[in-house]
Number of protein chains: 2
Amino acid sequence: MFRIGEFSKLSKMTVKTLRYYDEVGLLAPEKVDLARYRYYTTDQLVKLHYIQSLRQAGLSIEEIGNILSGKDAEEILIRRKLQLETDIAEKTDQLSRIDFILQGKEEDYFMNYQATIKEIPECIVYSKKMTIPNYDAYFTEIPAIGAECAAANPDLKCTVPGYCFVIYLDGEYREKDINVEYCEAVDRFGNEVGDIKFKKMPAITAVSVMHKGPYSDLGKAYAFVFKWIEENNYIVTGSPRESYIDGIWNKESIDEWLTELQVPVQKK
Amino acid sequence: MFRIGEFSKLSKMTVKTLRYYDEVGLLAPEKVDLARYRYYTTDQLVKLHYIQSLRQAGLSIEEIGNILSGKDAEEILIRRKLQLETDIAEKTDQLSRIDFILQGKEEDYFMNYQATIKEIPECIVYSKKMTIPNYDAYFTEIPAIGAECAAANPDLKCTVPGYCFVIYLDGEYREKDINVEYCEAVDRFGNEVGDIKFKKMPAITAVSVMHKGPYSDLGKAYAFVFKWIEENNYIVTGSPRESYIDGIWNKESIDEWLTELQVPVQKK
DNA sequence: AGAGACTCTCCAGCTGCTGGAGTGTACAAA
DNA sequence: TTTGTACACTCCAGCAGCTGGAGAGTCTCT
């Protein structure tokens, strides 16, 4: 019979851990005396060694408890294996992001951008597909669409907070004759008028980049986001969205305008 | 100005998280009103996006706080990168252990063994190197050495718990004329007598396997441990130790004998 | 009898939130 | 003006697997 201190040396586990395992019912000592001193035997040593081997394989206390009480070990191991694979993938992703940031330190303007992955929930929008001659046309086209839709749907409401964006339908960058779909999130389906359609946009996973400043600089943000996607092993799964957060309607200075790029992606 | 619920939708973070970030000083709202309602602006949205990008890269709240307050970001990132690499290596090791167990399900006798990695602390031992004709010679040799040492060192004490082991000096398995070193851990250096020497054994990292039963079955345990080392990407860095925990001196039945194999290793 | 080594229980703390209880506030409909 | 509903607030507990510390009791040797 060993007292806890000796048993701790024998098994190379701390006394604290042994008491904890006793507390959670994973490994009870052979006996406990009147003064509540714990006494262990080599039977417990063998059992503890088994526990350690499973702990070192990454299993939780609960999982080990289940295995010890006779539950299907193989199933538990396989589940843990899948979890580990997920964990490794996640850490590898984090590592790749850090490398990207570190490597970006040299390229000055990249410093101003950061990318995050977000789940964008589904939403109902009214939308209009069109080909616009150039980016300046937005300033006239977009208010017109809003007005047309509002005229046909007097009590339709935009979501709060708003979600107002353009989807770039061309697979490439263009300066002229750009195919776009303008969308604005609303609370329900309404009456369609002209080329304005209502539809439910499905939820997507997207990489998001914030761009502060004039639209003419958006090219840098696009360059950044596509490089980010490439180097972090994602693949583009849809057309990019440009969501307008701050703009001419609420900020005087062009430098205050805030736009969010959302590029649908999935992990490669 | 957005209230917390709207800001939460805009940023895709939960309200709980936003309040938590406020509490820990990572992201305070632009203003708080008399009813303690929090109000956010798009400035906070940009800052939060930066925070999210770093969280998704695996940085802790504290690290992000340090970066935000102007500490050396590069150093923090590099430290986190090293940590991630360590984490990934650890998880990969765990995965390999689980695979080993799962794959071992088929080979029946492997089921009885488990391996753990342990740090074995340094210790003072008296030891004697010798060549023994066969394993049965242990039963006469070992008590004789103990007696000889005790005679020369009347008040020398063995450690509690005991640590009594044989090191196999041959690089290979042998049935006869085995080169071994017998060691027993004691509390201090003593008088050397005959071939008995005192020495300090350095601390080692070893893979440990428990073997219950007669010594004649130890071959299986060795087969197991070397296969384990191979398949889990460790390399052997020293001679194996056989530590006698239960044996003829305290257990009647041979089936109760307990021996621990310790093979010094390091990760490949 | 005292000293020192050991053991005990109980509580707090770590990380980054999440869930819930109980309560207060804002805004629109009746 | 009341009432309802959605939203906001502040605590507090819980997760996992220990670790550290306080304060008290026990064992063993001198």
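Proteins get letters first, then strands, A, B, ... in listed order; numbering begins at 1 in each.
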Practice task
Write down the distance between CD (E63(B)) and C1' (dC14(C)), rounded to a whole number of angstrom.
Solution key: 15 Å
Completion exercise
Overall bend of the helix from dA1(C)-dT30(D) to dA30(C)-dT1(D) (five pairs an end, 10° steps) is 40°
Problem - Distance test, side-chain N/O of R38(A) to OP1/OP2 of dC8(C), below 4.0 Å - result: yes
Practice task
Return the value, rounded to whole Å, for the distance between atom CG of L18(B) and atom P of dC17(C).
Solution key: 10 Å
Exercise for the section: Mark up nucleotides 19-30 of chain D, 5' to 3', with B wherever a protein heavy atom is under 4.0 angstrom from a base atom, S wherever such an atom reaches only the sugar-phosphate, and - elsewhere. Expected result: SBB---BBS---
Handout entry: Rounded distance (Å) that lies between atom P of dA26(C) and atom CD of E6(B)
Key = 14 Å
Exercise for the section: Examine distances only and state if a side-chain atom of E75(A) and a backbone atom of D72(A) form a donor-acceptor pair shorter than 3.5 Å. Expected result: no
Exercise for the section: Check the surroundings of atom NZ in K157(B): do more than 12 heavy atoms from other residues, nucleotides or ligands lie under 6.0 Å from it? Expected result: no
Exercise for the section: Report yes if at least one side-chain N or O of R55(B) is closer than 4.0 Å to OP1 or OP2 of dC17(C); otherwise report no. Expected result: yes
Handout entry: Spacing between L59(B) atom CG and dG16(C) atom C1', to the nearest angstrom
Key = 14 Å
Exercise for the section: Report yes or no: do E184(A) and Y126(A) form a side-chain donor-acceptor pair below 3.5 Å? Expected result: yes
Practice task
Measure from OH on Y21(A) to P on dG17(D) and round the result to the nearest Å.
Solution key: 8 Å
Practice task
To the nearest Å, give me how far apart CZ (R80(B)) and C1' (dT15(C)) are.
Solution key: 11 Å
Practice task
Rounded off to whole Å, could you give me the CD-to-P distance for the E62(A) and dC18(D) pair?
Solution key: 14 Å
Problem - Separation of dC18(D) C1' from D22(A) CG (nearest whole Å) - result: 15 Å
Practice task
Let me know which of E119(B), Q262(B), K267(B), Q266(B) forms a side chain to side chain donor-acceptor pair (under 3.5 Å) with T205(B).
Solution key: E119(B)
Problem - ring pair (Phe, Tyr, Trp, His ring centres under 6.0 Å) involving F7(B) - partner list, sequence neighbours excluded - result: Y40(B)
Practice task
Measure the OG1-NZ distance between T92(A) and K91(B) for me, rounded to the nearest 0.5 Å.
Solution key: 11.5 Å
